[in-house]
There are 2 protein chains.
Amino acid sequence: MVLSGLSPRGDLVRAAVLGLLGTRGASSRADIARMLRVSPATVTQTTKELLQRELITELRSVPSTGGRPAILLGLVRAAGGAIGAKVTADHVAIVSVDLDGTVRTSRSVPFDPSAPAALEALSGILRDAVAAHDGHLLGVGVGLPGAVDAQASGLVDAPTLGWGRLPVGRRLRDALGVPVLVDNDVNTLAAAQIVYGNGREHPSFMVVTIGLGVGCAIVQQGSVSRGAHGGAGEIGHIPVSADGPPCGCGNTGCLEAYVGEAGLVATAARTGAIGQRGTIDTLSRAARAGKPAALEVYRDAGRLLGRTLAGVVHTVDPGLVVLMGEGVRDWEFWETGFEESFRQRLMPARRGIRCLVESWTEDQWAVGAASLVLASPFDAAATGAQGELVRARLQTAPEVDR
Amino acid sequence: MVLSGLSPRGDLVRAAVLGLLGTRGASSRADIARMLRVSPATVTQTTKELLQRELITELRSVPSTGGRPAILLGLVRAAGGAIGAKVTADHVAIVSVDLDGTVRTSRSVPFDPSAPAALEALSGILRDAVAAHDGHLLGVGVGLPGAVDAQASGLVDAPTLGWGRLPVGRRLRDALGVPVLVDNDVNTLAAAQIVYGNGREHPSFMVVTIGLGVGCAIVQQGSVSRGAHGGAGEIGHIPVSADGPPCGCGNTGCLEAYVGEAGLVATAARTGAIGQRGTIDTLSRAARAGKPAALEVYRDAGRLLGRTLAGVVHTVDPGLVVLMGEGVRDWEFWETGFEESFRQRLMPARRGIRCLVESWTEDQWAVGAASLVLASPFDAAATGAQGELVRARLQTAPEVDR
DNA sequence: GCCACTTTGTTCGAGACTAAATTTAGTGAG
DNA sequence: CTCACTAAATTTAGTCTCGAACAAAGTGGC
């Protein structure tokens, strides 16, 4: 039993102010106080110090709305950027982003996670990215398809990569010399939503990804819910039928085995929607061409996803569901089946829940990973020691690094 | 976006020390510091004040274990008790408990939630209980089968009671004049587990109840996860089949429709395990008598529950599952089906999760509700203004009330 | 121009908590 | 008995944040 609501805060507010000005742009002191839920007095104190240290500056005043006009505060210079990397079974996608989330560079490097020295290879790839990064680097965020036990250890269980209890966090930290935050890939998307996306209006929501697999991140009260071993949100392995196709996890009848990429393709091949050697792209094109059998594959997948997600919504009670992942590009084909099944299966009280489909770009996974770093100024509890390092770096003068 | 990890703590520690000494019994300052995760300095300060105010006292020293011997601190007198009430569709169960969880009185009053003045009737019942309470009363906890939007408003949605957006919390507060905490009934069981039960060792766990319905409470990092509208944990309405029996929620094929009490009885009647006018007790007796058809009903229910819970475990990643509710009395009959199905459906990484079956007594629901009050000294964030009132009352000298 | 009102931002004092150093009170080895 | 060691408790000198009162800088009605 821990006294919740009581945790060491360090100088969280200082970092949060800088983070807020970076991610949201110029804001008044009163706005900062409201957004961070701290008292105006604290903001005055904090900004006074940051002004003295010339990390922030007073910009123009904004016209009054009936009271004293607000003075906008802004960062003196780019307070820093972050590197984000998404690890997959065959490549690592890397982006370098600014504090406001704009992507500066984006690239992809082949990667074999099953190689004996995979971790060394990953270190190397990231070391290059760190070296190539221009400007003040706050840290590196890494997202991967698996459970990350605790941020402190960065211990990773990722069956699809063939990684079991691999101390990814610690090893990368040792190799890179900058703060490294590691988390489940879907959780990183949620972190991005918290800082830049729908999380700004919704304290509790869910991110659901469709693509190779099916994933989910649960955000409660503004922070990502990780479960006892960092494995929360594994909805891809919810059993949806008594028997069913085999799944990569070793069981049969998992949701993912039906509506994950491989499952879709297998179903499509079986029903003749695509040929025996067809791929997800073949299926997508067939659907786009209006081929009924292909449309039916997606519609069935939508139904099954809808039914299962209804159960997850009942369990978690999110205020919003955000759909992401490669698969949403074909969402129009999932949608009819999904909506029909999802809404119908929800309890009446939940039936009105909003489902938002985000447009998807290739580097979104990596941007999410970078958001892990950019979100850490706002989340003292979750990010642990590495987050503290990020917060410390946020306050060091950028020019020192240049 | 809120600065998590930063919340007003008020005078949390003082109340938490009193709460800890009440719920755990005498402890040394060092123990208190470790358990509450505050610094020893704080405990020294806090206890000094509480000693001066004669709320606590130094008991004996315990033998040294190689260092300075610890001095046990204890409450000077019973710091107070709480009243817990569980509201059901036909009665209200009420207990009065001491700070250490011992039940002092326990009774049950008929109640009709669908009556026009149901809330007034409930107020009256509780007013009587408050009047009858002997000693210092910290507050009243109320558990009911439904979603409680926010502790602040105490706005209740409880379809099985026929209550929709009913301001139970506010109305009871106005009527009773003592702090009133309202929550979902399963959440109250979780609160009890946090303070007295398995939550002491597990920061993240799940309580699953079987009985009239099927419920679930999710505890993450030591506090109950309530979702966006206080409706988290409604696993009874997870759809488990494409069609299926109708459920009270209006849908068909909900888990509860199969393994809730009514579902079990209906299945049993259909398969001939019991007669057409049989009840859950008939079924239970038939199983106890070894009647194969009855055993099969339970086994099937266990299988379905196991399969569904596997999905919930994948979603939530709890460190432990605690099974409670009236239904666990017959758990021996569920067990074979459950274990087989649950373990098999779990991902290999989760397969080792512990499932604990708590023994069940009739007043446990009400004791849970009372725990809501007794847990509030430890949980600043969740309990809001009412929790603050409880903490304040904890520090007022009991004799003033007598 | 004056006054009521609104909103922003500041000052000040106080409270809660902490880290670090220190004191206290024991154990156990020689 | 003395000395090294350990763990508990305390003291000290802070840091962080807040509430409350107040000052500042506008709007809008008259």
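In the text below, chain A, chain B and the rest are named by the order of the sequence lines, each starting its count at 1. All values derive from a computational prediction rather than experimental measurement.
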Distance, rounded to the nearest Å, where A:L50 contributes CG and C:dT10 contributes P: 13 Å
Straight-line distance of A:L18 CG to A:L55 CG, nearest 0.5 Å: 6.0 Å
With sequence neighbours excluded, residues passing side-chain contact (heavy atoms from CB on, under 4.5 Å) with A:A192: A:S371
Contacts of type side-chain contact (heavy atoms from CB on, under 4.5 Å), residue A:T46, not counting sequence neighbours: A:V13, A:R14, A:V17, A:T42, A:L50
Results of salt bridge (charged side-chain N to carboxylate O under 4.0 Å, His left out) for A:D31 - residues two or more places apart only: A:R34
Any donor-acceptor N/O pair, A:Q220 side chain to A:S225 backbone, under 3.5 Å: no
Between C1' of C:dG9 and CZ of A:R34, the distance in whole Å: 12 Å
Distance, rounded to the nearest Å, where A:L72 contributes CG and D:dA25 contributes C1': 15 Å
A:T42 vs D:dC18: side-chain N/O to OP1/OP2 distance below 4.0 Å: yes
Exam field: side chain B:R24 to backbone B:V195, donor-acceptor pair closer than 3.5 Å: yes
N/O contacts under 3.5 Å, protein versus nucleotides 10-14 of chain D?
unit_1: D:dT10; atom_1: OP2; unit_2: B:R29; atom_2: NE; d: 3.0
unit_1: D:dT10; atom_1: OP2; unit_2: B:T44; atom_2: OG1; d: 3.2
unit_1: D:dT11; atom_1: OP2; unit_2: B:K48; atom_2: NZ; d: 3.2

Nearest-0.5 Å distance, CG of residue A:L51 to CD of residue A:E49: 10.0 Å
Residues A:H229, B:D317; criterion side-chain hydrogen bond (donor to acceptor under 3.5 Å, both in side chains); working and verdict: CA-CA 7 Å; A:H229 325 92; B:D317 187 23; 2.8 Å; yes
End axis versus end axis in the helix from C:dG1-D:dC30 to C:dG30-D:dC1, the angle rounded to 10°, five pairs used at each terminus: 0°
Protein-nucleotide distance (B:I32, atom CD1; C:dC17, atom C1'), rounded to Å: 16 Å
Gap between atoms CZ and C1', on B:R37 and C:dT18 respectively (whole Å): 16 Å
Sugar-phosphate, base or nothing in reach of A:S28, heavy atoms under 4.0 Å: sugar-phosphate
Counterpart residues, side-chain contact (heavy atoms from CB on, under 4.5 Å), relative to A:N187 (two or more places apart): A:D183, A:N184, A:A217, A:V224, A:R226
N or O in side chain of B:R14 less than 4.0 angstrom from C:dA16 OP1/OP2: yes
Residue B:V38, side-chain heavy atoms: nucleotide from C:dG9, D:dA9, C:dT18 that is nearest: C:dT18
Rounded distance (Å) that lies between atom C1' of C:dA14 and atom CD of B:E49: 14 Å
